[in-house]
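See below for the structure under consideration.
Basis for what follows: all heavy atoms, side chains included, without hydrogens, waters or symmetry-related copies.
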Amino acid sequence: MNRQHLILLSIIFLFLFLTSHSQENEDSNSAIRPTDFKAKAWDEAKLHRADPQWLKDARFGIWCHWGISSLPGLDNKAYGWYGKHMYRKTREEYQYHLKKYGHDVHFHDLINKFTGEKFNAKEWVDLYEQGGAKMVGIMGEHHDGFSLWDSDINPWNATKMGPKRDIVGEIAKEVRKRKLRLEITLHHGFHELFFPRAESFSPRYNSKWEINRDWHPPLDKKYNLLYSSYLTEEEADKYWKDKMIEVMEKYAPDYIYTDFGPRFIEEETRIKTVTQVFNIATENKQDFVFNSKAETFPTEFAIKNVEQSVLGDISDQAWYVDFTVNPGWFYAGENKLSHEADFYERVLVDVVSKNGFLALSYGPRPDGSIPEKHAEVIKSIGKWLKVVGEGIYNTLPFYTFGEGNTDVGGEIKDFNEHGVAKKALNKLGENTFRFTRRGNIIYLFNLKYNTPNKQYLIESFGGELSDYFKVKSLSLLGSDEKINWTQDHKGLHISSPKKAPKSENKHPYAYKITLDDNFIYQAESAKINKLSVVNLKDANQSKAVLGLEKNNSTLSFDVNVSTAGQYRMVVKYQNQGASLKGHNRFLNISINDGAEKLDYCFHASEEKVWQTSFVKINLEKGKNTIVFKNSQLNKLSAVRKFYLDDITLLPLK
């Protein structure tokens, strides 16, 4: 071989070497399927209301992470990726597995070590109910592909191996007995990308996590549906879809929680799957809830799901967040807690004040028994909810969510940006207030009790609003103590109680504020002066001010405000077509010739009048023109009419 050939071969070898190592550094995001919600046919799914009333009534639920990843119990590492990290030399899981089991024991060999012999569905649901949960959940399948239900789709399931029981089915049966809501969480979709491959074997894509030349799951085809070594993208997508449909058909959950995995599934498959899921729910006459995590589904029909974080302001649509009791997600050793009960209580209050739903997750032991420390936290929350629950369940947000410390770490851009938010949530203390509302009753939560007889000024009841939010009476939930208070133009002056309603002073406590019977949700400075209808034949003036029916119809009206600034717009409307419950109306709201625009989904309802609160809008001093126009129509629009009853603008400080 001559010198030139040697140089050429060296260059080729170097190129291949560098290429293989560049694949190791690829971000896993390279497998994410692009999504263009506006360009795809999600229309049928969008006919379904994202957040039925029961979700906003329930507000709190409990579920658990339990499965093969419960076995090691690694402190602060038990977050459910054991099957992946046990094959990676740089991970603690690898060293643990090598020492305890050795290389001869693969992930599939661990399944029969997960026996769950102490699992008792009744005891689990008893505890959740004692903890105040209105929705009870169970993890159906995590990223590792082992299903906890009796599956005809996935042979790797808890009925055929391991516990040899239908875990999901047993929990579902107990939940139905109590007339609670059932949640099933599905973390698959990422499963097909979960396990490391030998020499980038995966047909799906290459990433730094998949290359493992020393030790990897066996490539025998009999393990294909567990490790997905030979699944094509189309087969993997269908596998995801079939599992989702099977769970819906067998157990009819009220809420299916999907993790970030669907963003790896081709969008057309997502569309067909969600449409079929909603069709099943319709046949079951369910007010079914679906969620979107990592922007995998349009929020017109899927509520936003954030992870161990909170939103920064009130959301008109209900949303969902889960926090863990234990470090990580799965069992992490005995008596390991992420936080004490009072932390989750403060988070719950903050979440509900912004129209959210909090689900608490914990990690049972591998045998199915519940760690005592976890049970203590859950019971403590339930005890607290018995005192203040009327300010949590069946409530809506006030016009503003709170006062004092309102910073929760900035805008959450991704589903799991919880690090910053957690730090901020830890600071929610004595000088932090949150509001919830039920009719003319406002619940004012102080998130921590430290100082007796401390004077607080609640400015949200002052200024221009002092004439509209006139306080009639004020009491303290869970206490007979008389609370001193006065109201003036500055706001509501309150003295903290001499003694906290509970023996432990770190729990949030709540004032029950009853407003004057003449309470109206409207500010003097924002009256509608002029109404006009363009190209509208049937406005049905006897029932409503004006309406929208045709594609080219608009609603236009002027409002005069005395002070420029931010306002929250509250709309009372009728979405005609009660027999079409859940079929929504999509409108575009343009303010001052397009200086500010909103696209908004108005929910259909069997109720005669529906009220919704918009996000903040900016208005100029004097006349402002607001125009409503159809932004999206579907095949049912011709038989449905939208009528506006009233517009309210609440000034925000």
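Counting non-hydrogen atoms of other residues, nucleotides and ligands closer than 6.0 Å to NZ of Lys160 gives a total above 12.
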Under the side chain to side chain donor-acceptor pair (under 3.5 Å) rule, what do His188 and Tyr239 come out as? Steps first, then yes or no, please.
CA-CA 9 Å; His188 67 315; Tyr239 197 30; over 6 Å; no

Using the rule given for side chain to side chain contact (heavy atoms under 4.5 Å, CB included), can you reason through Asp150 versus Tyr251, listing the C-alpha separation, both sets of side-chain angles and the distance that settles it, and then say yes or no?
CA-CA 10 Å; Asp150 183 11; Tyr251 306 105; 3.9 Å; yes

Passes side chain to side chain donor-acceptor pair (under 3.5 Å), Asn326 versus Tyr331? Steps please.
CA-CA 7 Å; Asn326 47 298; Tyr331 175 67; over 6 Å; no

Worked check of side chain to side chain contact (heavy atoms under 4.5 Å, CB included) between Phe119 and Ile171:
CA-CA 10 Å; Phe119 166 72; Ile171 291 290; 4.1 Å; yes

Any chance you could lay out the side chain to side chain contact (heavy atoms under 4.5 Å, CB included) test for Trp329 and His142, step after step, and finish with the verdict?
CA-CA 11 Å; Trp329 292 100; His142 210 251; 5.6 Å; no

How far apart are the C-alpha atoms of Trp240 and Phe264, what are their side-chain angles, what is the distance that settles it, and do they pass the side chain to side chain contact (heavy atoms under 4.5 Å, CB included) test?
CA-CA 10 Å; Trp240 173 83; Phe264 299 98; over 6 Å; no

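In this structure, Thr159 and Ser151 have side chains that are not in contact, with every pair of non-hydrogen atoms separated by 4.5 Å or more. Contact of the Glu123 side chain with the Ile370 side chain is not registered, since no non-hydrogen atoms from C-beta on lie closer than 4.5 Å. For the pair Ile62 and Ile381, the minimum side-chain heavy-atom distance is 4.5 Å or more. Side chains of Asp144 and Tyr82 form no contact here, defined as non-hydrogen atoms less than 4.5 Å apart. Contact of the Tyr223 side chain with the His106 side chain is not registered, since no non-hydrogen atoms from C-beta on lie closer than 4.5 Å. Looking only at side-chain heavy atoms (C-beta outward), Val274 and Lys241 stay at 4.5 Å or farther from each other. In this structure, the side chains of Arg176 and Leu182 come closer than 4.5 Å at one or more pairs of heavy atoms. Side-chain contact between Pro163 and Phe114 is present, with heavy atoms from C-beta onward closer than 4.5 Å.
For the residue pair Lys293 and Tyr257, a side-chain donor N or O sits within less than 3.5 Å of a side-chain acceptor on the partner. Counted by atom type alone, Glu300 and Trp42 present zero donor-acceptor pairs between their side chains at under 3.5 Å.
Distance check, rounded to the nearest 0.5 Å: NE2 of His191 to CG of Leu186 gives 13.0 Å. Note: Phe146 CZ to Leu110 CG = 11.0 Å, rounded to the nearest 0.5 Å. Residue Asn284 holds its CG atom at 9.5 Å from CD of Glu249, rounded to the nearest 0.5 Å. The CG atom of Leu358 sits 8.5 Å away from atom CH2 of Trp319, with the distance rounded to the nearest 0.5 Å. Here the CG atom belonging to Leu127 is positioned 6.5 Å from the CD atom belonging to Gln130, to the nearest 0.5 angstrom. Note: His108 NE2 to Ile111 CD1 = 8.0 Å, rounded to the nearest 0.5 Å.
Put simply, the residue from Lys272, Glu266, Glu267 that forms a side chain to side chain contact (heavy atoms under 4.5 Å, CB included) with Thr269 is Glu266.
Side-chain atoms of Asn112 come within 3.5 Å of backbone atoms of Gly162 as a donor-acceptor pair (strictly under, hydrogens ignored). Tyr87 places a side-chain N or O within donor-acceptor distance of the main-chain N or O of Phe107, the cut-off being under 3.5 Å. At distances below 3.5 Å, at least one donor-acceptor pair connects side-chain atoms of Trp66 with backbone N or O atoms of Arg365. Side-chain N or O atoms of Asp367 include none that pairs as donor or acceptor with a backbone N or O of Glu117 at under 3.5 Å. Thr275 places a side-chain N or O within donor-acceptor distance of the main-chain N or O of Ile271, the cut-off being under 3.5 Å. His48 contributes no side-chain N or O that, together with a main-chain N or O of Ala302, makes up a donor-acceptor pair within less than 3.5 Å. Proximity of a side-chain donor or acceptor of Thr395 to a complementary backbone N or O of Ile392 within less than 3.5 Å is detected. Under a 3.5 Å cut-off, the side chain of Gln317 and the backbone N or O of Thr299 do form a donor-acceptor pair. In this structure, the side chain of Asn154 engages the main chain of Gly145 through a donor-acceptor pair within 3.5 Å. Of the possible polar contacts, none joining the Tyr255 side chain to the Gly137 backbone as a donor-acceptor pair under 3.5 Å is found.
Taking both residues in full, the closest heavy atoms of Met139 and Cys64 are given as CB-O, 3.5 Å, listed atom of the first, atom of the second, then distance. Nearest heavy atom pair, residue Val321 against residue Ser309, reads CG2-O, 2.9 Å. Residues Val325 and Tyr344 share a closest heavy-atom pair of CA-OH, 3.2 Å. Considering every non-hydrogen atom in both Ala58 and Phe357, the closest pair reads CB-CE1, 3.8 Å. Nearest approach of Phe60 to Gly132, heavy atoms of both residues: CD2-O, 3.6 Å. The two atoms that bring Pro397 and Arg59 nearest to each other are CD-NH2, 4.5 Å, heavy atoms only.
For Trp81 and Phe190, the ring centers sit closer than 6.0 Å to each other. Here the two rings, on His143 and Phe260, have centers that are under 6.0 Å apart. The six-membered or imidazole ring of His65 lies near that of Phe330, with a centre-to-centre distance under 6.0 Å. In summary, the aromatic rings of Tyr128 and Trp63 are positioned with their centroids too far apart to meet the 6.0 Å limit.
A salt bridge links Asp350 and Lys354; the closest N-O separation between the charged side-chain nitrogens and carboxylate oxygens is under 4.0 Å. The pair Arg178-Asp126 meets the salt-bridge criterion, with a side-chain N (NZ, NE, NH1 or NH2) lying under 4.0 Å from an Asp/Glu carboxylate O. Under 4.0 Å is where a charged nitrogen must lie from a carboxylate oxygen, and between Lys134 and Asp57 no such pair does. Of the charged side-chain nitrogens involved, at least one lies within less than 4.0 Å of a carboxylate oxygen, so that Asp152 and Lys250 count as a salt-bridged pair.
With sequence neighbours excluded, the residues satisfying salt bridge (charged side-chain N to carboxylate O under 4.0 Å, His left out) with Lys238 are Asp242.
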